[in-house]
Visitor: 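This is the structure, below, for whatever I ask next.
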Amino acid sequence: MLEQLRARQQAQGAVHAATGQKAMRPGEDLGAKEIEGFTASGIRHSGMIPAGQIGNEKPIVKVNEVWWCKDLNAVLVGIYDDPLFGRRIMRLTNIQVGEPDSQLFQIPPDYTIQELPAKSKTAAKPQ
């Protein structure tokens with residue numbers, strides 16, 4: 001997800017440079033709230049493409065809202081509202097902290113190792 005966010009930010013940077021559009025302004029602090037039993041800090045960024053900048057009749061307003069949990073080092077909720085790409089909501093649910101079930105890392109009882117036949121040393125000749 002982090003790679004996707006970085007790629008999106010780079011793409012937006014390229015759009016900003018190509019269109020003369022201003023990047024997102026510094027974020028608005030939304031304070032803290034509890035999400036899925038964890039405390040998260042929210043920040044809202046907004047940006048605008050002025051009317052006529054990319055052939056648009058009216059200004060295009062984009063709003064990104066992110067709720068970050070420091071304890072988990074993760075975004076718990078991300079709301080990305082952009083008229084060009086639509087509204088996307090990402091939300092972590094059923095968060096479980098702790099060691100995973102050790103059974104997940106056990107070799108299945110029916111697992112077998114099979115030897116593959118040796119590769120032929122002669123290559124097919126083109127016709």
Side-chain angles (χ1 to χ4, degrees):
M1 185 171 101
L2 186 56
E3 290 175 15
Q4 291 175 342
L5 179 59
R6 285 186 181 139
R8 185 168 189 262
Q9 288 172 337
Q10 287 175 345
Q12 284 180 340
V15 169
H16 296 155
T19 64
Q21 150 191 356
K22 292 188 165 105
M24 294 275 199
R25 290 178 278 172
E28 169 192 350
D29 184 2
L30 300 175
K33 72 177 180 179
E34 188 172 309
I35 300 172
E36 292 287 321
F38 296 92
T39 301
S41 300
I43 191 162
R44 180 181 297 133
H45 294 277
S46 61
M48 181 184 65
I49 301 173
Q53 189 75 45
I54 57 173
N56 50 318
E57 291 180 14
K58 297 179 182 178
I60 298 173
V61 178
K62 302 187 284 183
V63 179
N64 294 341
E65 185 175 311
V66 176
W67 291 89
W68 174 263
C69 177
K70 186 176 179 182
D71 294 337
L72 297 175
N73 198 28
V75 174
L76 298 186
V77 176
I79 303 169
Y80 309 97
D81 200 357
D82 183 340
L84 297 174
F85 298 103
R87 182 178 175 102
R88 297 179 318 268
I89 300 174
M90 182 282 304
R91 180 183 308 269
L92 289 181
T93 59
N94 301 321
I95 301 168
Q96 297 178 12
V97 178
E99 292 293 320
D101 184 358
S102 63
Q103 190 65 24
L104 294 171
F105 302 97
Q106 299 298 317
I107 297 173
D110 60 344
Y111 180 82
T112 60
I113 297 177
Q114 298 177 354
E115 293 291 326
L116 294 175
K119 289 185 178 180
S120 171
K121 295 191 185 234
T122 59
K125 295 181 182 179
Q127 295 182 10

Visitor: Show the nearest heavy-atom pair for residues Ala51 and Glu57, with the distance to one decimal.
Guide: CB-O, 3.4 Å
Visitor: Between Val77 and Val66, is any pair of side-chain heavy atoms under 4.5 Å apart?
Guide: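 No - every pair of side-chain heavy atoms lies 4.5 Å or more apart.
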Visitor: Could you walk me through whether Leu72 and Phe38 pass side chain to side chain contact (heavy atoms under 4.5 Å, CB included), step by step?
Guide: CA-CA 9 Å; Leu72 297 175; Phe38 296 92; 4.0 Å; yes
Visitor: Mind checking the CG-CG spacing from Asn64 to Asp81? Nearest 0.5 Å is all I need.
Guide: 8.5 Å
Visitor: If you compare all heavy atoms of Glu34 against all heavy atoms of Gly37, which two are closest, and at what distance to 0.1 Å?
Guide: OE2-CA, 3.6 Å
Visitor: To check you understand the geometry: which heavy-atom pair defines the closest contact between Lys62 and Pro83, and what is its length?
Guide: CG-CD, 4.4 Å
Visitor: Atom SG of Cys69 and atom CD of Glu36: how far apart are they, to the nearest 0.5 Å?
Guide: 11.0 Å
Visitor: Please examine the side chains of Asp82 and Val63, heavy atoms only from C-beta on, and report whether any two atoms are closer than 4.5 Å.
Guide: no
Visitor: Would you give the length of the straight line joining atom CD1 of Ile35 to atom CG of Leu92, rounded to the nearest 0.5 angstrom?
Guide: 9.5 Å
Visitor: Going from CE on Met90 to CD1 on Ile79, what distance comes out if it is rounded to the nearest 0.5 angstrom?
Guide: 9.5 Å
Visitor: Is any side-chain heavy atom of Leu30 closer than 4.5 Å to one of Trp67?
Guide: yes
Visitor: If you round to the nearest 0.5 Å, how far is CD of Glu65 from OH of Tyr80?
Guide: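 Reported to 0.5 Å precision, the distance equals 10.0 Å.
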Visitor: Side chains of Leu76 and Ile95, heavy atoms from C-beta outward: is any pair under 4.5 Å?
Guide: yes
Visitor: Does some side-chain heavy atom of Val61 sit less than 4.5 Å from a side-chain heavy atom of Ile49?
Guide: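 With C-beta onward as the side chain, the pair stays apart.
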Visitor: Run the side-chain donor-acceptor check on residues 102-118: report pairs under 3.5 Å with partners two or more places apart or on a different chain.
Guide:
none

